[in-house]
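Reading through the structure tokens given below for one structure.
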Amino acid sequence: MNASANSLASEIAMPRDLLHHATVTAYDFLIAGQLESAVEISQGLVTMFPAHAYFRRLLGTALFRQRKFRAAFDVVEEGLKRVPDDKELLHVRRAAAKALGMK
């Protein structure tokens, strides 16, 4: 592989590295209870990758922990339109629905 091909390969790989870093950072904030930061980062991930179920689970969970049950429900409901059998999205949806008094 020539030098220009190596340069191109590293430019293509960088966004994946940044995506991984953003994902891990959002998860770490969620676990640490820094929910505003977790929501901010995961909202950005959902905006960039709306079909990615994991990002919706992360955002929905952070919103749920903030007691923003309607927002959590809506985020995971949209994810379930894309991935209807995702067990973790279903779990967050059930919890949010229960908190909202839905059946």
Side-chain angles (χ1 to χ4, degrees):
M1 192 180 292
N2 64 33
S4 112
N6 280 336
S7 176
L8 179 59
S10 67
E11 287 176 19
I12 292 169
M14 186 161 177
R16 283 183 65 179
D17 293 343
L18 291 174
L19 178 61
H20 175 74
H21 178 72
T23 304
V24 170
T25 300
Y27 180 79
D28 288 346
F29 279 137
L30 178 66
I31 297 303
Q34 297 177 356
L35 301 176
E36 288 181 27
S37 296
V39 167
E40 183 178 339
I41 294 170
S42 57
Q43 180 63 61
L45 292 168
V46 166
T47 299
M48 290 187 298
F49 304 98
H52 201 295
Y54 179 77
F55 300 146
R56 288 191 177 276
R57 288 192 304 261
L58 192 60
L59 178 57
T61 300
L63 290 166
F64 183 87
R65 289 187 181 177
Q66 285 183 319
R67 305 184 64 76
K68 295 179 180 177
F69 304 126
R70 171 51 63 186
F73 183 87
D74 292 344
V75 164
V76 297
E77 188 70 13
E78 185 62 32
L80 286 165
K81 289 178 186 175
R82 299 165 192 265
V83 188
D85 60 342
D86 186 287
K87 290 180 175 146
E88 291 181 36
L89 283 175
L90 288 166
H91 174 75
V92 176
R93 185 175 123 214
R94 275 192 302 273
K98 183 177 179 182
L100 291 167
M102 301 166 75
K103 292 184 180 185

Subject >> From Gln43 atom CD to Leu45 atom CG, the distance as rounded to the nearest 0.5 Å >> reply: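 If I round to the nearest 0.5 Å, the distance is 9.5 Å.
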Subject >> Euclidean distance, Thr23 OG1 relative to Tyr54 OH, rounded to 0.5 Å >> reply: 7.0 Å
Original post:
Among the clusters formed by ILVMFWY side chains lying less than 4.5 Å apart, do Leu100 and Leu63 turn up in the same one?
Top reply: no
**OP:** Not counting sequence neighbours, list each pair that qualifies as a salt bridge (Lys or Arg N to Asp or Glu O under 4.0 Å) and has a residue in residues 50-61.
**Re:** Arg57-Asp86, Arg57-Glu88
**OP:** Please list all pairs passing the salt bridge (Lys or Arg N to Asp or Glu O under 4.0 Å) test where one or both residues lie in residues 71-81, with sequence neighbours left out.
**Re:** Arg70-Asp74, Glu77-Arg93, Glu78-Lys81, Glu78-Arg82
Original post:
Can you name the ring-ring contact (aromatic ring centres under 6.0 Å, His included) partners of Phe69, sequence neighbours left out?
Top reply: Phe64
Subject >> Distance-minimising heavy-atom pair for Val75 and Gly60 >> reply: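 Smallest interatomic distance, heavy atoms only, reads CG1-N, 4.0 Å.
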Original post:
What is the minimum heavy-atom distance between Ala53 and Val83, and which atoms define it?
Top reply: CB-CG2, 4.0 Å
Subject >> Selection residues 81-103 - residue pairs positive for ring pair (Phe, Tyr, Trp, His ring centres under 6.0 Å), sequence neighbours left out >> reply: none
Original post:
Quick one: hydrophobic cluster around Leu89, which other residues, with the 4.5 Å side-chain cut-off, linked directly or via members?
Top reply: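 Reading the cluster by chain and number, Leu89 sits alongside Val76, Leu80, Leu90, Val92.
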Sequence neighbours left out, cut at 3.5 Å: what donor-acceptor pairs do the side chains of residues 24-42 make with other protein atoms?
from, atom 1, to, atom 2, distance (Å)
Thr25, OG1, His21, O, 2.7
Ser42, OG, Ala38, O, 2.6
Ser42, OG, Val39, O, 3.4

